[in-house]
Amino acid sequence: MASSQTWLLKTEPDEFSIDDLSSSAPSVWDGVRNYKARNYLRDDVQLGDRVFIYHSSCRLIGIAGLALVTRSGYADPAQFDLSSPYYDAKSTIDRPRWYCIDLKLEQRFERVIPLALLKQQPQLADMLLLRQPRLSVQPVSAEHFRHIMAMNSPVALTQGHL
DNA sequence: GCCAACGTTGGC
DNA sequence: GCCAACGTTGGC
């Protein structure tokens, strides 16, 4: 794909939240242990792609902000770390099983866009998040991306465009 | 390669 | 805490 793609990454904020991302120093987005999500990280997420950060399994479920990919997929060091909960005995340096990326914060939304509100949007009815809620790394179409950014825009909100 | 059993996720 | 949906494991 030539132009940049957009994504949604899920996280439990008790483990890692948008507030753990910095706009200056990149953070490692590691610990993804699902094959479909792994394939996206390894093969498709590119430097410069933008990703929504989604908070799951918490009090305020929804999209918390936007981040920028500062390094594309590379072998997740945690899989080799015996002391890590993400250690995987079946991974080898030559054949790593799991991949991670680096991110930096682009924009923390003033208000989390709640899942319940996303579900109310007819334009988002076919969004993967609503259809495969367990996929922790997922592509977001340009149309969905624009719509969600508009939901975050105070201008759009005050003018009742949504 | 199938599929039952089991484990995990995640909204509610 | 519950439970449905989903993902993984392992025997055959």
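Every chain is numbered from 1 and lettered A, B, ... according to where its sequence line falls, protein lines coming before strand lines.
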Practice problem: Please confirm whether the backbone N or O of A:Ser57 pairs with a side-chain atom of A:Glu12, one donor and one acceptor, at under 3.5 Å? | Solution: no
Quiz item: Just how far, in rounded Å, is P of B:dG11 from CG of A:Leu117?
Solution: 15 Å
Practice problem: Mind running ring pair (Phe, Tyr, Trp, His ring centres under 6.0 Å) on A:Phe80 and A:Trp98 for me, showing each step along the way? | Solution: CA-CA 10 Å; A:Phe80 307 119; A:Trp98 306 113; over 10 Å; no
Exercise. Could you check how far CG of A:Asn34 sits from P of B:dG7, rounded to whole Å?
Key: 19 Å
Quiz prompt | Distance-only donor-acceptor check, side chains A:Asp81 and A:Ser83, under 3.5 Å | solution = yes
Quiz item: At under 4.0 Å, does any side-chain N or O of A:Lys90 touch on OP1 or OP2 of C:dT8?
Solution: no
Quiz item: Looking at A:Arg108 and A:Asp19, does any basic side-chain N land under 4.0 Å from a carboxylate oxygen?
Solution: yes
Quiz item: Would one find a side-chain N or O of A:Tyr54 under 4.0 angstrom from OP1 or OP2 of B:dG11?
Solution: yes
Quiz item: Taking the six-membered ring of A:Tyr40, is the NZ or CZ of A:Arg38 close enough (under 6.0 Å from the centre) and on axis enough (within 45°)?
Solution: no
Self-check item: Close approaches to DNA chain B from residues 74-84 of chain A, in residue order (heavy atom, under 4.0 Å)
Solution: none
Quiz item: Of the residues in residues 123-141 of chain A, which ones touch DNA chain B at a heavy-atom distance under 4.0 Å?
Solution: A:Pro133, A:Arg134
Self-check item: Rounded distance in Å - NE2 (A:His55) to C1' (B:dT9)
Solution: 17 Å
Exercise. Return the value, rounded to whole Å, for the distance between atom OH of A:Tyr35 and atom C1' of C:dT8.
Key: 9 Å
Quiz item: Nearest heavy-atom pair of A:Ser72 and A:Ile101: which atoms, and what distance?
Solution: C-CG2, 4.0 Å
Quiz prompt | A:Gln46 vs A:Gln5 side-chain heavy atoms within contact, under 4.5 Å | solution = no
Quiz item: Hey, what's the ring geometry for A:Trp29 with A:Phe16, parallel, tilted or perpendicular (30° and 60° as the breaks)?
Solution: perpendicular
Practice problem: Establish, from distance only, whether the side-chain atoms of A:Gln121 and A:His147 form a donor-acceptor pair under 3.5 Å. | Solution: yes
Exercise. Quickly work out the A:Arg59 CZ to B:dC12 C1' distance and round it to whole Å.
Key: 15 Å
Quiz prompt | Rounded distance (Å) that lies between atom P of C:dT8 and atom NZ of A:Lys36 | solution = 11 Å
